[in-house]
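What follows is one structure encoded as structure tokens, with my remarks underneath.
Numbered from 1 within each chain, the chains take letters A, B, ... in sequence-line order.
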Number of protein chains: 2
Amino acid sequence: MHNSVTTAKRTTALEQKCLERGVRMTHQRRIIISVLSEASDHPDAEMLFERAKIIDPTISIASIYRTMKVFEELGIVDRHDFGGSKGRYEEATDDHHDHLIDVKSGDVIEFQSDEIEALQRKIADELGYRLIDHRLELYAVPKTTEQPD
Amino acid sequence: MHNSVTTAKRTTALEQKCLERGVRMTHQRRIIISVLSEASDHPDAEMLFERAKIIDPTISIASIYRTMKVFEELGIVDRHDFGGSKGRYEEATDDHHDHLIDVKSGDVIEFQSDEIEALQRKIADELGYRLIDHRLELYAVPKTTEQPD
DNA sequence: TTAGTTGCAAACGATTTGCTACTAT
DNA sequence: ATAGTAGCAAATCGTTTGCAACTAA
């Protein structure tokens with residue numbers, strides 16, 4: 001009968017945003033939206049492709065790439081690269097955050113620091129610039145895992 | 001036996017570092033070192049290739065890529081991507097710095113902030129991690145150039 | 001109805017690599 | 001002498017695109 005209320009709501013919100021901008025809500029896009037909303041690990045295109053194929057094995061990798069591009073433009077997806085060669089995606093949220101990459105496990109942890117944001121604005125300002133965007137990634141190892149070299 | 005003293009010294013220092021690690025100092029590598037040491041604009045592989053060809057037109061792009069990889073491993077070159085699709089290189093310096101990218105002109109400005117460095121370490125620490133490395137890029141527009149949209 | 005979207009396969013741009021001929025040590 | 005390196009061209013990898021067949025609006 002009713003699925004998870006939150007999931008239903010969220011999906012509708014994204015579909016809404018697509019329709020508003022004249023972007024059609026296709027079968028494939030609905031699948032991709034559901035894959036994205038279930039992911040918390042910043043998947044790359046191939047991971048999205050694999051997960052989408054579970055739902056509909058006829059979907060193509062081209063649709064993943066095309067849809068990610070459309071969604072990026074709609075502002076409902078953010079793309080990162082985290083140093084690797086492939087792009088990685090996450091559903092955009094209203095709150096800005098940066099990433100800490102656990103270099104042992106590959107895990108990505110999101111964090112937020114108003115202090116850093118303010119400092120960045122201040123630095124740009126002092127250099128005579130107005131900050132438009134930024135990218136901050138911390139590469140780190142867990143303290144508990146730490147071993148003597 | 002002394003050319004420009006500073007250039008000679010620096011080149012020697014890099015050559016030294018290569019020899020120490022069993023990396024041969026070839027004609028092409030010497031050229032690439034000189035191109036690098038003259039660049040202050042974070043050139044990509046193709047730019048390095050063009051500049052190297054002025055000195056010796058027989059050099060190949062493969063040597064640029066191979067040498068950059070070797071130099072990266074030797075720690076005498078840093079590679080960035082600054083959001084574009086191609087890697088961009090700079091001679092490594094002892095002092096750490098981050099980059100502000102002027103999105104109007106494409107210029108890259110280097111800056112240094114102990115405050116930001118400290119804050120990053122603190123954030124990692126609070127998340128239970130020890131900071132290994134980081135990447136910070138500010139994308140900004142000049143205040144003076146600023147126009148009403 | 002028709003403009004937007006799909007899957008496919010070919011094209012792409014940046015980078016890497018196998019090979020055979022050199023060259024620094 | 002010989003291990004490392006060069007240039008060349010072909011290969012690879014992630015991503016994009018032209019096209020003809022569909023499909024949401």
Side-chain angles (χ1 to χ4, degrees), chain A residues 11-12 14-33 35 42-74 76-89, chain B residues 11-12 14-35 42-50 52-74 76-89:
Chain A
T11 301
T12 304
L14 292 193
E15 292 188 6
Q16 196 61 37
K17 204 155 190 169
C18 288
L19 294 196
E20 274 167 24
R21 313 246 204 140
V23 169
R24 290 186 186 170
M25 187 39 52
T26 63
H27 176 54
Q28 306 52 359
R29 286 185 182 149
R30 244 186 282 269
I31 289 172
I32 294 171
I33 285 173
V35 167
H42 305 76
D44 60 32
E46 211 162 297
M47 285 162 145
L48 291 172
F49 184 40
E50 292 309 321
R51 294 173 199 179
K53 275 195 290 192
I54 295 170
I55 305 174
D56 178 351
T58 71
I59 199 168
S60 75
I61 188 91
S63 286
I64 305 288
Y65 280 113
R66 278 197 274 237
T67 300
M68 293 323 280
K69 194 157 258 195
V70 169
F71 283 5
E72 251 194 289
E73 271 150 28
L74 291 182
I76 66 183
V77 153
D78 287 331
R79 185 200 150 113
H80 312 281
D81 59 343
F82 299 150
S85 50
K86 12 176 106 173
R88 299 180 55 180
Y89 304 90
Chain B
T11 301
T12 303
L14 291 192
E15 292 188 6
Q16 197 60 37
K17 204 156 189 169
C18 288
L19 295 196
E20 274 168 24
R21 314 245 203 140
V23 170
R24 289 185 188 171
M25 187 42 50
T26 63
H27 176 54
Q28 318 31 16
R29 285 185 183 148
R30 247 187 280 270
I31 290 171
I32 293 171
I33 285 173
S34 95
V35 168
H42 305 76
D44 59 33
E46 212 162 296
M47 285 161 144
L48 291 172
F49 184 40
E50 293 309 321
K53 274 195 292 190
I54 294 170
I55 304 173
D56 178 350
T58 70
I59 199 168
S60 74
I61 187 91
S63 287
I64 304 290
Y65 281 113
R66 277 197 274 237
T67 300
M68 293 323 280
K69 194 158 259 193
V70 170
F71 284 4
E72 251 194 288
E73 271 149 29
L74 292 182
I76 67 182
V77 152
D78 287 331
R79 185 200 148 111
H80 313 281
D81 58 344
F82 299 149
S85 50
K86 14 177 104 172
R88 299 180 56 180
Y89 304 91

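- For the pair Phe71(A) and Leu14(A), the minimum side-chain heavy-atom distance is 4.5 Å or more.
- A salt bridge is defined here as a Lys NZ or Arg NE, NH1 or NH2 lying under 4.0 Å from an Asp or Glu carboxylate O, and Glu72(B) with Lys69(B) fails to meet this definition.
- Side chain of Ser34(B) to main chain of Ile31(B): a donor-acceptor pair is present (N/O by atom type, distance under 3.5 Å, no hydrogens or angles).
- Glu46(B) CD: 12 or fewer foreign heavy atoms inside a 6.0 Å radius.
- Residues Tyr89(B) and Ala45(B) share a closest heavy-atom pair of CE1-N, 3.9 Å.
- Put simply, chain A comes within 4.0 Å of DNA chain C, heavy atom to any atom, from dA3(C) to dC8(C), going 5' to 3'.
- For the contact set between residues 63-74 of chain A and DNA chain C, defined by any heavy atom under 4.0 Å, the members are Ser63(A), Arg66(A).
- Residues Ala52(A) and Ile64(A) come closest through the heavy atom pair CB-CD1, 4.2 Å.
- At a threshold of 4.0 Å, the pair Lys17(A)-Glu20(A) does not count as salt-bridged, since none of the basic side-chain nitrogens sits closer than that to a carboxylate oxygen.
- Interface limits on DNA chain D: the 5'-most and 3'-most nucleotides within less than 4.0 Å of chain A heavy atoms are dG14(D) to dA25(D).
- Residues Leu19(B) and Val23(B) fail the side-chain proximity criterion, which asks for heavy atoms closer than 4.5 Å.
- Residues Thr26(A) and Arg30(A) have side chains not in contact (no heavy-atom distance under 4.5 Å, counting atoms from C-beta outward).
- Between Arg24(B) and Cys18(B) there is no side-chain heavy-atom pair separated by less than 4.5 Å.
- Atom-to-atom distance recorded for Gln16(B):CD and Arg21(B):CZ is 12.0 Å, nearest 0.5 angstrom.
- Two residues, Ile61(B) and Ser60(A), neighbour DNA chain C, and the one matched to the more 5' nucleotide by heavy-atom proximity is Ser60(A).
- In this structure a side-chain-to-backbone donor-acceptor pair under 3.5 Å is missing from Arg29(A) to Thr67(A).
- Between Leu48(A) and Ile32(A), every side-chain heavy-atom pair lies at or beyond the 4.5 Å cut-off.
- Summary of helix geometry: the two end axes of the helix from dT1(C)-dA25(D) to dT25(C)-dA1(D), each defined by five base pairs via their C1' atoms, are inclined to each other by 40° (rounded to 10°).
- Side-chain contact between His27(B) and Asp56(B) is present, with at least one heavy-atom pair separated by less than 4.5 Å.
- Heavy-atom distances under 4.0 Å link DNA chain C to Leu19(B), Arg24(B), Met25(B) of residues 19-27 of chain B, given in residue order.
- Applying the salt bridge (charged side-chain N to carboxylate O under 4.0 Å, His left out) test to pairs two or more places apart or on separate chains, those with a residue in residues 76-89 of chain B are Arg135(A)-Asp81(B), Asp44(B)-Lys86(B), Asp81(B)-Arg135(B).
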